[in-house]
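Contents: one structure, followed by commentary.
Side chains are part of it too, since the values below use all heavy atoms of this structure and drop only hydrogens, waters and symmetry mates.
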Amino acid sequence: MGSIDNKQIPLHAGFDATTTATEALAGHDLSGVQAIVTGGASGLGLETVRVLAGAGACVLVPARDPHQAQAALHGMAGVE
């Protein structure tokens, strides 16, 4: 079989490894957008929920432990 040559080509989108979620969504209005974030009660998922809700999205966070999720998400507008 021949070799496969799938080289990655940079997109030059203005983002890199140091870009934060807040920076990536800057200037975007997500009002009217619904998002589901699994794992949204901790870690990277929690940060994702925070940024999406901050941009206006309505965010649904399913969780195995509803009490833990409610505590982590307490006070965030637009999050269920």
Side-chain angles (χ1 to χ4, degrees):
M1 296 186 94
S3 66
I4 298 174
D5 188 21
N6 290 333
K7 294 180 181 176
Q8 293 184 357
I9 301 169
L11 296 175
H12 305 293
F15 304 117
D16 62 25
T18 64
T19 303
T20 66
T22 301
E23 292 168 340
L25 283 180
H28 293 279
D29 180 8
L30 298 182
S31 298
V33 172
Q34 295 181 348
I36 299 173
V37 179
T38 58
S42 65
L44 291 174
L46 183 59
E47 177 65 4
T48 300
V49 170
R50 186 187 67 75
V51 173
L52 289 172
C58 177
V59 185
L60 177 65
V61 181
R64 281 184 247 159
D65 184 344
H67 297 293
Q68 185 266 338
Q70 287 173 344
L73 301 167
H74 180 74
M76 284 192 201
V79 179
E80 296 181 35

Is the number of heavy atoms from other residues, nucleotides or ligands within 6.0 Å of CG (Leu60) greater than 12?
-> yes
Open item on the list: Using a 6.0 Å cut-off, check whether atom CD of Gln34 has over 12 heavy atoms from anything other than its own residue.
Closed with: no
Are any of the side-chain heavy atoms of Val59 and Arg50 separated by less than 4.5 Å? no
Problem set entry | Heavy-atom side-chain proximity of Leu46 to Val37 below 4.5 angstrom | no
What are the two closest heavy atoms between [X] and [Y], and how far apart are they?
{"X": "Cys58", "Y": "Glu80", "answer": "SG-OE2, 4.1 Å"}
{"X": "Thr38", "Y": "Pro62", "answer": "CG2-CG, 4.1 Å"}
{"X": "Ala69", "Y": "Ala63", "answer": "CB-CB, 3.6 Å"}
{"X": "Ala24", "Y": "Thr19", "answer": "N-CG2, 4.1 Å"}
{"X": "Val79", "Y": "Ala53", "answer": "CG2-CB, 3.8 Å"}

| message | Hydrophobic cluster membership, with links at side-chain heavy-atom distances under 4.5 Å among I/L/V/M/F/W/Y: are Val33 and Leu25 in one? | response | yes
